[in-house]
Asks: 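Take this structure, written in structure tokens, and hold onto it; I'll ask about it next.
Only heavy atoms go into these numbers, but all of them, side chains included; no hydrogens, no water, no symmetry mates.
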Amino acid sequence: MRTLVRLALTVGSLLLPQPGWAAIPADPCPLADEAVSAAGDLVHVGEQLKMAKHLDVLAVGSATMFSPEASLAPGTITSQSLGSLVNPVAPTIAALSQPASERAFPLQMAKQLRTLISGLKIDVTVRGGRGMLASEMLDLLRKELAAKHYDLVLWQTGTVEAVRNLPPGEFGQTLSDGAQAVLDAGADLVLVDPQYSRFLQTNSNLEPYAQALQQVSAMPGVILFRRFDLMRGWANDGGIDLERTARSDREKAVVTLHACLGQHLARLVASSIHG
Amino acid sequence: MVQVHQNRDLRVDLFRGIALWWIFVDHIPANWIAQFSLRNFALCDATEIFVLLAGYAAGLAYGRSMDKHGWLFAGADVMKRAWTLYIAHIFLFVVFSAQVSYSANALDRSEYLDEIHLDVLAEAPYRAMLEALKLSFQPAYLNILPMYVALLTWFALLLPLLRRPLVLFLLSAGVYTTMRATGINFPSWTGGGWYFNPIAWQFLFIIGALLAYAPPRPRVAPWVLDSLAIVILAVGLILLWAVWPYPDIEARVLATAARALISVDKEGLHPMRLLSILALAWLVSRTLAKDAAWLHSAWARPFIVCGQHSLPVFCVGIFLSFLARLAMEEMDGWVVMAVVNLLGTMGLFGVGALASWYKSKGRLVRPDLPEAHRAGNAQVT
């Protein structure tokens with residue numbers, strides 16, 4: 001009994017003096033060289049930049065493509081229409097009409113590219129929505145590519161498939177169909193993998209989906225932006241870490257995160273043009 | 001006092017208890033202690049242990065009951081058990097959904113819902129309720145019990161075949177092979193199939209039941225099986241530690257030979273996972289005697305008690321592992337991690353002890369009572 005009391009006291013005293021949360025660190029996202037170098041794969045973008053200093057970019061993905069805040073959007077429970085017998089697999093079309101925020105990482109990438117390549121004009125169109133599947137994005141992609149010519153496509157996908165444990169083989173096929181459609185339309189493709197999440201790493205089987213992304217990125221004209229690894233590196237090295245950020249700092253942190261991602265993505269694209 | 005039911009194979013209870021503890025620690029994201037659980041050393045994990053031993057316990061208890069009272073009697077008991085598990089699953093679904101959605105709102109973390117796949121509950125709540133009852137909507141963490149219900153139902157039907165071990169084995173193997181060849185699975189409302197495909201996993205359960213009811217006599221010398229088991233486990237270890245972490249090696253390995261091993265899926269119980277758990281079980285049964293003294297030690301006891309009351313311990317473990325995650329996100333650091341692991345483990349032991357106490361409710365259990373009166377033994381938890 002006495003040992004039990006002593007144990008309880010020890011445990012209790014351990015609980016008390018917990019250090020508070022660190023604010024956003026001074027260098028939230030140190031540059032990771034291996035993550036931002038590709039071997040001159042974006043041929044179309046390179047040629048386009050030689051002819052004219054103008055890039056048309058199409059970004060397709062889920063909520064994180066639209067604004068940093070969208071990935072934090074509170075009240076998912078209450079804001080949804082209650083009781084509708086909709087197929088949950090259907091995309092949330094509401095997001096489609098909503099313009100993307102300047103602070104979202106695709107637009108942050110554009111901003112950084114403008115500073116990296118002087119005189120560059122760059123337009124970014126963002127399409128997609130929360131909880132969208134790759135197969136739904138593929139339809140969207142085809143529609144957009146048919147309507148207008150783009151030089152570069154960013155395609156962020158894979159999380160929803162992993163959470164729902166959908167067949168990885170079909171996911172890979174969808175990706176490679178999409179990549180082919182992008183290449184046929186005379187554009188290059190940057191695939192963007194899921195955000196780092198300790199939860200998904202522990203409880204979902206991400207590996208087969210990561211492999212599918214990896215495989216498709218081996219096609220010429222396609223590269224992979226390793227968002228998961230980058231964010232894991234930052235989280236492990238004391239940099240930005242959304243899952244371990246206090247509520248009051250989270251909004252600021254997610255804005256910083258998107259700026260960081262935009263910066264790294266811009267460097268990746270730039271490196272793959274120069275070879 | 002906490003009762004340990006002595007007249008069963010305590011090794012089975014011990015490893016079920018350990019598996020339950022691993023399920024708890026493995027479910028906590030970025031848990032330091034989880035890197036020492038089985039899945040880091042072998043191509044199988046707590047789920048395989050759990051299903052094999054569930055089959056073993058079922059074969060023992062219901063097989064004996066069938067011998068005495070016939071198929072109808074024993075089969076009805078199996079179905080009653082499946083029903084209990086189903087009710088427990090639905091209760092856990094409600095508790096867990098409430099826990100996650102409350103936390104997501106209170107802590108401003110909508111990603112909890114997305115990650116755990118409860119987002120669809122918000123989008124189509126009425127339909128989600130129906131699909132949950134049909135077991136075709138299974139959020140993360142809540143996919144083991146539905147499989148267990150399906151396995152017991154299947155087992156109730158096949159019960160008489162326990163007396164024809166070879167027929168039962170071949171039938172079960174045939175179903176497994178069909179699944180591996182065609183990929184058929186039970187449907188999931190949100191696409192894909194069940195996270196644990198019962199059409200595949202039934203094979204492991206049936207193997208467990210056969211090992212208990214009709215223990216096969218190996219026709220080869222034990223050392224041959226020993227070496228085979230060691231080779232299987234070594235291959236798993238090499239894949240886990242020396243191949244998968246280095247994608248460059250994967251690319252260089254012979255594509256056709258490697259592909260089968262590289263995609264070792266858990267959903268459909270990949271043959272490598274099946275072989276790994278069987279190899280492990282063989283080696284354990286060879287090295288740990290049924291009457292080993294340390295099975296009665298103070299260290300083994302809490303795990304054994306948990307293993308004997310696996311249903312409440314499992315359910316509480318799911319609840320506690322999400323709670324542990326919340327704690328670790330609110331307060332960083334190894335101290336919090338150590339404390340949540342310790343408290344959670346004590347919580348599991350506590351539930352096991354409480355469930356055990358409820359068997360006797362303070363009365364003395366007389367070991368000389370006839371078999372039929374010992375309710376604890378006919379029941380498989």
Asks: Give a yes or no on whether the backbone of B:Asp108 and the side-chain of A:Arg250 come within a donor-acceptor separation of less than 3.5 Å.
Replies: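 Yes, the answer is positive, given that a donor and an acceptor are paired below the 3.5 Å cut-off.
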Asks: Enter the distance from B:Lys266:NZ to A:Glu207:CD here, rounded to the nearest 0.5 Å.
Replies: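 So the gap between those two atoms works out to 14.5 Å.
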Asks: Indicate yes or no: at least one non-hydrogen side-chain atom of B:Met328 is less than 4.5 angstrom from one of A:Arg244.
Replies: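 Yes. Closest side-chain heavy atoms under 4.5 Å.
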Asks: Quick one: what part of B:Tyr112 sits under 4.5 Å from any heavy atom of chain A, side chain, backbone, both or neither?
Replies: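 Neither part, no heavy atoms under 4.5 Å.
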Asks: Is it the side chain or the backbone of B:Asn185 that comes within 4.5 Å of chain A heavy atoms, both, or neither?
Replies: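 Interface part for B:Asn185: neither.
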Asks: Is the shortest side-chain heavy-atom distance between B:Glu115 and A:Thr159 below 4.5 Å?
Replies: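 Counting from C-beta outward, B:Glu115 and A:Thr159 never come under 4.5 Å.
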Asks: Testing the basics here: between A:Asn203 and B:Tyr141, what is the closest heavy-atom pair and its distance to 0.1 Å?
Replies: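 In terms of heavy atoms, the two residues are closest at ND2-OH, 3.2 Å.
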Asks: Are a donor atom and an acceptor atom from the side chains of B:Glu111 and A:Ser197 found within less than 3.5 Å of each other?
Replies: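 Looking only at side-chain atoms, A:Ser197 and B:Glu111 do not form any donor-acceptor pair under 3.5 Å.
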Asks: Rounded at 0.5 Å granularity, tell me how far OH in B:Tyr195 sits from CG in A:Asn205.
Replies: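 It comes to 5.5 Å.
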Asks: Check whether any side-chain N or O of B:Arg109 sits under 3.5 Å from a backbone N or O of A:Glu243 as a donor-acceptor pair, and report yes or no.
Replies: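 Yes: the side chain of B:Arg109 pairs with the backbone of A:Glu243.
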Asks: Could you have a look at B:Leu118, B:Ile116, B:Asp265 and say which one has the most heavy-atom pairs with chain A under 4.5 angstrom?
Replies: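 Among B:Leu118, B:Ile116, B:Asp265, the one with the most close pairs to chain A is B:Ile116.
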Asks: Using heavy-atom distances under 4.5 Å, tell me whether B:Leu121 contacts chain A through its side chain, its backbone, both, or neither.
Replies: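 Looking at B:Leu121, nothing touches chain A.
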Asks: Which one, A:Asp241, A:Leu166, A:Thr202, A:Val160, leads in non-hydrogen pairs under 4.5 Å with chain B?
Replies: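 The candidate making the most pairs under 4.5 Å is A:Thr202.
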Asks: Need one label for B:Glu267: side chain, backbone, both or neither, based on atoms under 4.5 Å from any heavy atom in chain A.
Replies: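 It is the side chain, since no backbone atom gets that close.
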